[in-house]
Amino acid sequence: MKTSFLWDERCFWHGGGDFAFTLPLGGLVQPMTSGGLPENPETKRRLKNLLDVTGLLSELDSKSSAQVSYEDLLRVHPKTLLDNFKALSDADGGQIGLNIPFTKGGFEMAALSAGLAKEAIFSVLKNKNTNAYALSRPPGHHCLPDLPNGFCLLSNIGIAVEAAIAEKLTDRVAIIDWDVHHGNGTEAVFYNRADVLTISIHQERCYPIDSGDIRDIGVDDGEGYNMNIPLPPGGGHKLYLEVMERLVLPRLRKFKPDMIVIACGFDASAIDPLARMLATSDTFGELTRFAMLAAQELCNDRLALVHEGGYSEVYVPFCGHRVIAELSGSSIIAADPYKKIFDARQPNEQLDKFYSGLIKEFHDFLL
Ligand code: ZN
């Protein structure tokens, strides 16, 4: 069995609030790379291109999927929101939620993005693939059930996990979000639930500025099943590994998931324009190895990653390639040309001590 790699060119054509030269986007008019929102197709397309150029893509089970159904969507999002989104999308596009723009056909692109996440999770749960990576776009982890925000139009992982639970493929899922921003949407979908553990590792008060507090641990049946790990800016490789080892892994062992899903953002990287952390391609590779070892120990290797943020066109491809090489056990390496520079920028010993102290405080509070 191979690693499944889900992608679709149509997801790269999602765009909003912009024009291609003088024409509004939509139909056969593609978004341009030079304008529009920081969430643009280039980071994702260049990741897929790098996989192609190194030959790693040919080792993967590379495919697309169907869109999620209206029934799938309704498990997470209210009908009024979906109907409004669909009507605007069928016309000339528009905006929903906190000013999240989309073009004509944006509804179908978002439903396809969620479909890639669903197929990633289903292909693993149905033993069709060893593990899976969904190159979903638009991203999903900020989208609340009734409020799209932060470039996210639908809750990709929320919809996919709910579909898997509804079809009785699983009844106990752990979601680990290592995108640098708080996974507020995924948290909201499962906040009162004990069957889905949500963990978010993020730069504190980066986005949204008023969520992601360590004291937000879930409510009702879900109390203790939401874990926020807000990190001060400037943390790098060591900090991320320490977080996994000392906070995430012990919580996973206690929860005993049936499957692990990762909200995989690359915006904690040392060069990302939207955050201030210092992770490298090695960091993402090691995080993936941690997740694979946890999945091996706890849930028969069942692991799926779903793409979220990451806004450096030059660096996301190397981080993503490293993750997918790790996932698939490939020997094909895309040597990271930025490694020397970003390794040199890591926190010094004094800061490392500070971060270790912080992790101890977090540990005492959370575990
Ligand atoms: Zn992000």
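Start at 1 and go down the list; that is how both ligands and their atoms are numbered. Computed from heavy atoms alone, side chains included, the values below leave out hydrogens, waters and symmetry copies. These numbers come from a predicted model, not from an experiment.
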Practice task
Indicate, with yes or no, if the rings of Phe151 and Tyr311 have centres closer together than 6.0 Å.
Solution key: yes

Practice task
Find out whether the Lys NZ or Arg CZ of Arg172 is both under 6.0 angstrom from the six-membered ring centre of Phe255 and within 45° of the ring's axis.
Solution key: yes

Exercise for the section: Just give me the atom name: the N, O or S atom of Asp179 closest to the Zn ion (ligand 1). Expected result: OD1

Fill in the blank from the handout: Students should find that the hydrophobic cluster of Tyr338, defined by side-chain heavy atoms under 4.5 Å apart, otherwise consists of Leu50, Ile271, Val314, Tyr315, Phe318, Ile341, Phe342

Fill in the blank from the handout: Answer key: the N, O or S atom of Asp267 nearest to the Zn ion (ligand 1) is OD2

Exercise for the section: Please determine, by modelled atom types, if His142 and Tyr207 share a side-chain donor-acceptor pair under 3.5 angstrom. Expected result: no

Problem - Minimum-distance atom from the Zn ion (ligand 1) among N, O or S atoms of His181 - result: ND1

